[in-house]
Amino acid sequence: QVQLVESGGGLVQPGGSLRLSCAASGIIFSRYVMDWYRQAPGKQRELVATITSGAGTSYADSVKGRFTISRDNAKNTVYLQMNSLKPEDTAVYYCRVRGTDYWGKGTLVTVSS
């Protein structure tokens with residue numbers, strides 16, 4: 001059974017940082033492309049960042065230069081380091097195994113003073 005469990009969300013002031021984690025089980029993690037998505041209130045879910053099995057990365061324009069996606073295959077975990085956070089980054093953040101219906105339940109990030 002595949003499980004994805006996100007953690008690391010919380011309340012942070014504008015300009016602050018958070019690191020999200022997504023721990024995977026039930027898959028051969030190292031073989032898969034992993035995505036981070038987010039969904040803000042009243043908006044559609046959007047792709048934020050992607051990391052390939054070879055650790056190639058790509059980002060949405062809105063987070064480029066501020067967010068960094070990484071993975072630790074030994075720990076079956078993908079990370080999202082978020083710096084210089086803005087109120088518009090407020091959302092529930094989800095990880096996903098690319099090309100599957102495997103999603104985590106999400107972790108809430110709130111950026112507010």
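The distance from the CG atom of Leu47 to the CZ atom of Arg96 is 8.5 Å, given to the nearest 0.5 Å. Taking CG from Leu108 and OG1 from Thr90, the interatomic distance works out to 8.0 Å, rounded to the nearest 0.5 Å. Here the CG-OG distance, from Leu80 to Ser21, works out to 9.5 Å after rounding to the nearest 0.5 Å. Taken from CD in Gln81 to CG in Leu20, the straight-line distance is 8.5 Å, to the nearest 0.5 Å. Note that CG of Asn73 and OG of Ser53 are 8.5 Å apart. Values are rounded to the nearest 0.5 Å. Distance check: Ile51 CD1 to Ser58 OG gives 9.5 Å after rounding to the nearest 0.5 Å.
Under a 3.5 Å cut-off, the side chain of Thr77 and the backbone N or O of Lys75 do form a donor-acceptor pair. Proximity of a side-chain donor or acceptor of Thr107 to a complementary backbone N or O of Gly9 within less than 3.5 Å is detected.
The local environment of CD in Glu88 is crowded, with over 12 non-hydrogen atoms from other residues, nucleotides or ligands closer than 6.0 Å. Atom NZ of Lys64 sits in a crowded spot, with more than 12 heavy atoms from other residues, nucleotides or ligands closer than 6.0 Å.
Leu85 and Trp36 fall within a single hydrophobic cluster, where Ile, Leu, Val, Met, Phe, Trp and Tyr are joined by side-chain heavy atoms under 4.5 Å apart, directly or via other members. Both Met34 and Leu18 belong to a single network of hydrophobic side chains, linked directly or stepwise wherever heavy atoms of I, L, V, M, F, W or Y lie under 4.5 Å apart. Val92 and Leu11 fall into different hydrophobic clusters, where Ile, Leu, Val, Met, Phe, Trp and Tyr are joined by side-chain heavy atoms under 4.5 Å apart, directly or via other members.
Under the side-chain hydrogen bond (donor to acceptor under 3.5 Å, both in side chains) criterion, the residue pairs touching residues 3-19 are Ser17-Asn83, with sequence neighbours excluded. Pairs passing the ring pair (Phe, Tyr, Trp, His ring centres under 6.0 Å) check and including a residue from residues 88-113, sequence neighbours excluded, read Tyr37-Trp103. For residues 58-91, the set of pairs meeting the ring pair (Phe, Tyr, Trp, His ring centres under 6.0 Å) definition, not counting sequence neighbours, is empty. For residues 56-113, the disulfide bond (SG atoms under 2.5 Å apart) pairs, not counting sequence neighbours, are Cys22-Cys95.
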Open item on the list: Checking Ile69 against Val78 for the side-chain contact (heavy atoms from CB on, under 4.5 Å) test, could you report, in this order, the C-alpha distance in whole Å, the side-chain angles of both residues, the deciding distance, and whether it holds?
Closed with: CA-CA 7 Å; Ile69 189 171; Val78 59; 3.9 Å; yes
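Smallest separation of non-hydrogen atoms from Val63 and Val48: CG2-O, 3.7 Å. For the residue pair Val33 and Arg71, the shortest heavy atom distance occurs at CA-NH1, 4.4 Å.
The side chain to side chain contact (heavy atoms under 4.5 Å, CB included) test applied to Ser84 returns Arg66, not counting sequence neighbours. Legend: residues meeting side chain to side chain contact (heavy atoms under 4.5 Å, CB included) with Ile27, ordered by chain and number and at least two apart, are Val2, Ala24, Phe29, Tyr32, Val97.
Taking a cutoff of 4.0 Å between a charged side-chain nitrogen and a carboxylate oxygen, Asp89 and Arg38 qualify as a salt bridge.
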